[in-house]
Amino acid sequence: MNFNSHTDAVVSIAVGLVNALTEGEARGRPYAPPTGEARAAAVGDVLAAGDRRAPEVAEEEVDALAEVAGRLRGVFEAVTRGDVDAAALALNELLAETDARPHLDRHDGEPWHLHFHGAGGTLAGNYAAGCATGLAVVLGSELHDRLGVCTAPHCDRVYVDTSRNGTRRFCSTACQNRVKTAAFRARGA
Ligand SMILES: [Zn+2]
């Protein structure tokens, strides 16, 4: 997308957290989030994607992030059903609760860039604040309808459409191919 690299990174993390930590269906199969150490590792992987340093995530931080992920899912679902008002209200609640506040930071030889930390200073609180802010930036832009839930059968994983013309409908190429194959079979039958 065309915001800045940090916003894009936290938006990707929001997508990653929702897809890893919320129950439902994924690519044609029922999906249950991993538990215990596997869940902590999955969260570490998601957080590392936006940052070079993969953090160790404590159990209670994972619990907090799982709760946030459920609420972030609600934002994607609201946008998908065209209820942008509900999405905005949900994000405003999260921004208030996490006490997200902009803070210019410079580390690891990078130029100054904007972080959105919560006041609590916990890892989960910081990422919750960052994810809420990232989605709020998207929702407050002309690209607000780019938050989506996969339209393939038996899949409810979320995505952010970063394509140029905004025509993405699936969470993954796996789902895109499943739908294409099914359509091809239907034509052949
Ligand atoms: Zn999908």
Side-chain angles (χ1 to χ4, degrees), residues 1-3 5 7-36 38-51 54 57 62-63 65-88 90-91 94 127-128 130-139 141-189:
M1 224 167 302
N2 281 319
F3 298 106
S5 60
T7 301
D8 289 352
V10 288
V11 167
S12 305
I13 287 172
V15 168
L17 289 175
V18 171
N19 287 342
L21 296 174
T22 64
E23 197 177 339
E25 294 179 304
R27 294 172 287 282
R29 293 201 187 93
Y31 179 82
T35 54
R39 188 176 65 145
V43 169
D45 284 347
V46 170
L47 302 186
D51 200 319
V57 194
V62 180
D63 287 341
L65 286 170
E67 196 255 323
V68 169
R71 294 170 65 182
L72 295 174
R73 165 174 285 285
V75 172
F76 286 86
E77 290 174 348
V79 171
T80 299
R81 64 174 186 268
D83 194 349
V84 181
D85 291 355
L91 283 176
L94 263 177
Y127 275 103
C131 289
T133 306
L135 294 190
V137 169
V138 175
L139 201 72
S141 77
E142 73 277 16
L143 300 176
H144 65 269
D145 56 354
R146 296 296 188 93
L147 304 177
V149 178
C150 188
T151 59
H154 300 293
C155 186
D156 61 8
R157 300 299 94 183
V158 304
Y159 61 83
V160 175
D161 184 355
T162 55
S163 71
R164 228 175 100 173
N165 41 16
T167 53
R168 182 165 168 181
R169 292 166 51 219
F170 306 109
C171 70
S172 58
T173 48
C175 275
Q176 186 174 19
N177 291 339
R178 276 197 308 127
V179 169
K180 264 189 201 158
T181 306
F184 182 76
R185 283 209 194 104
R187 275 198 300 274

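When a ligand or atom number is given, it counts from 1 through the structure's own listing order.
Listed by chain and residue number, nothing satisfies the side chain to side chain donor-acceptor pair (under 3.5 Å) test with Thr181 (two or more places apart in sequence, or in another chain).
When all heavy atoms of Cys150 and Phe170 are compared, the closest pair comes out as SG-CA, 3.8 Å. Among all heavy-atom pairs drawn from Glu25 and His154, the shortest one is OE2-ND1, 2.9 Å. Summarising the geometry of Val158 relative to Val149, their closest heavy-atom pair is CG1-CG2, 4.1 Å, with the distance given to 0.1 Å. Counting all heavy atoms, side chain and backbone alike, Val57 lies closest to Ala40 at O-CB, 3.8 Å.
Residue-and-atom listing of protein N/O/S atoms under 2.8 Å from the Zn ion (ligand 1), sorted by chain and number: Cys150 SG, Cys155 SG, Cys171 SG, Cys175 SG.
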Item to check | Step-by-step salt bridge (charged side-chain N to carboxylate O under 4.0 Å, His left out) determination, Arg81 to Glu77 | outcome: CA-CA 6 Å; Arg81 64 174 186 268; Glu77 290 174 348; 5.2 Å; no
